[in-house]
Protein chains: 2
Amino acid sequence: MRTALARKGVRLTRQRRVLLDIMDQAEQHLTADSILERAQKIDPRVHRVTVYRTLEMLKSHGLLDELDLLHIHGHRHYYESHGPRDHIHVACLRCGKVREFESQLYEELKKQISLDCDLEITITRTEVGGLCADCRK
Amino acid sequence: MRTALARKGVRLTRQRRVLLDIMDQAEQHLTADSILERAQKIDPRVHRVTVYRTLEMLKSHGLLDELDLLHIHGHRHYYESHGPRDHIHVACLRCGKVREFESQLYEELKKQISLDCDLEITITRTEVGGLCADCRK
DNA sequence: TTAAGTGCAAATATTTTGCTGTCAC
DNA sequence: GTGACAGCAAAATATTTGCACTTAA
């Protein structure tokens, strides 16, 4: 993400370095709160407000996706860095497990939307909820 | 929605009657706040808490969908009654216009997810954002 | 040097909860 | 009659803003 930001002329501060590393290395979806927590373990001087402002900045540059995972766990938001390919979030509403899913069909659907609605697509978000095999037993 | 609720043994109160009518007749996506506003025009005794509790109840019965429309306008949520068919919300990030889109491809995608992830799907939500033709000019 | 970025405190927005009284069935 | 529901006040949660100070480029 660093190089992408540098190209856009965004200043790389100490705080942003910490936050970018966290987002790049995240192995799961993080909330603003858990991002702050991780950041403060690395550098206690990172402020909560800076987390919000940085997330907002990354979102506006399309480097970060914001999810709410169908509000399984209340109304908080989750963040993940925007990888090269879009994926769908598939969640079990009972156990809360979330899985990522990619599909050629999804790519085609987006193409269809873009053509039919005459829209130049910049963000997409698909979240699917239901009962997983284990929870149906 | 009334008959659907009666079948489930949910009590029909004065307040719920008002709220159900509003949701049934809504020609657009409403926020909790605008639902309250409309309700109080009909019956000023409807309380904000009741709006939240009723929305929650309708959601849990699958009669209502909750959207956030990609947070175009901050972090509020939008509600719409769940029609017979799923649709995708397509929004322009500049002018804020939201359009609904149905597609056979979407139905196939859901089928694929259900099979591949072994998930019994109960909710789906797809939101697509970009620049519409007018805003690209 | 200087404009962009940060920290702090406080405000704002949104939703939830405990408790008591009320009403649909 | 009674258990589900509503109203109220207050708490909890989540996010944003104004302003003065700091720092990357």
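Protein chains get the first letters and strands the later ones, always in sequence-line order, with residue 1 at the start of each.
- Ranked by how close their nearest DNA chain C nucleotide is to the 5' end, B:Glu66 and B:Val10 are led by B:Glu66.
- Rounded to whole Å, atom C1' of D:dC5 lies 12 Å from atom CG of B:Leu12.
- The distance between atom CZ of B:Arg14 and atom C1' of D:dG7, rounded to the nearest whole Å, is 10 Å.
- If you take CG of A:Leu55 and P of C:dG5, they are 15 Å apart, rounded to a whole angstrom.
- No salt bridge links A:Asp43 with A:Arg17; every basic N to acidic carboxylate O contact stays at or beyond 4.0 Å.
- Distance CD (A:Glu56) to P (C:dA4): 18 Å, rounded to an integer number of Å.
- Summarising the geometry, the separation between CG on B:Leu36 and C1' on C:dT16 is reported as 16 Å, rounded to the nearest angstrom.
- Remark: B:Glu56 engages B:Lys59 in a salt bridge, criterion side-chain N to carboxylate O under 4.0 Å.
- Nearest nucleotide to the B:Tyr79 side chain, out of C:dT15, C:dG5, D:dA25: C:dT15.
- The A:Arg16 side chain lies nearest to C:dT6 when the options are C:dT6, D:dC5, C:dC25.
- Considering only side-chain atoms of B:Arg45, the nucleotide from D:dA6, D:dG7, D:dT16 that sits closest is D:dG7.
- A side-chain N or O of B:Glu80 and one of B:His29 form a donor-acceptor pair less than 3.5 Å apart.
- Going from atom CZ of B:Arg11 over to atom P of C:dC23 covers 12 Å, rounded to whole Å.
- Heavy-atom nearest nucleotides on DNA chain D were determined for A:Thr13 and for B:Gln15, and the one closer to the 5' end corresponds to B:Gln15.
- Using modelled atom types, one finds a donor on one side chain and an acceptor on the other under 3.5 Å when comparing A:Gln112 with B:Ser103.
- Considering only side-chain atoms of A:Arg53, the nucleotide from D:dA9, D:dA6, C:dC8 that sits closest is C:dC8.
- Looking at the side chain of B:His77, the nearest of the listed nucleotides C:dC25, D:dT17, C:dT15 is C:dT15.
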Going through the distances and angles, do B:Val18 and B:Arg38 end up as a side chain to side chain contact (heavy atoms under 4.5 Å, CB included)? CA-CA 9 Å; B:Val18 172; B:Arg38 288 177 183 216; over 6 Å; no
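- Considering only side-chain atoms of A:Tyr52, the nucleotide from D:dC8, D:dA6, D:dA14 that sits closest is D:dA14.
- Taking atom NE2 of B:His71 as the reference point, atom P of C:dA13 lies 17 Å away to the nearest angstrom.
- In this structure, NE2 of B:His47 is placed 16 Å from P of C:dC23, rounded to the nearest angstrom.
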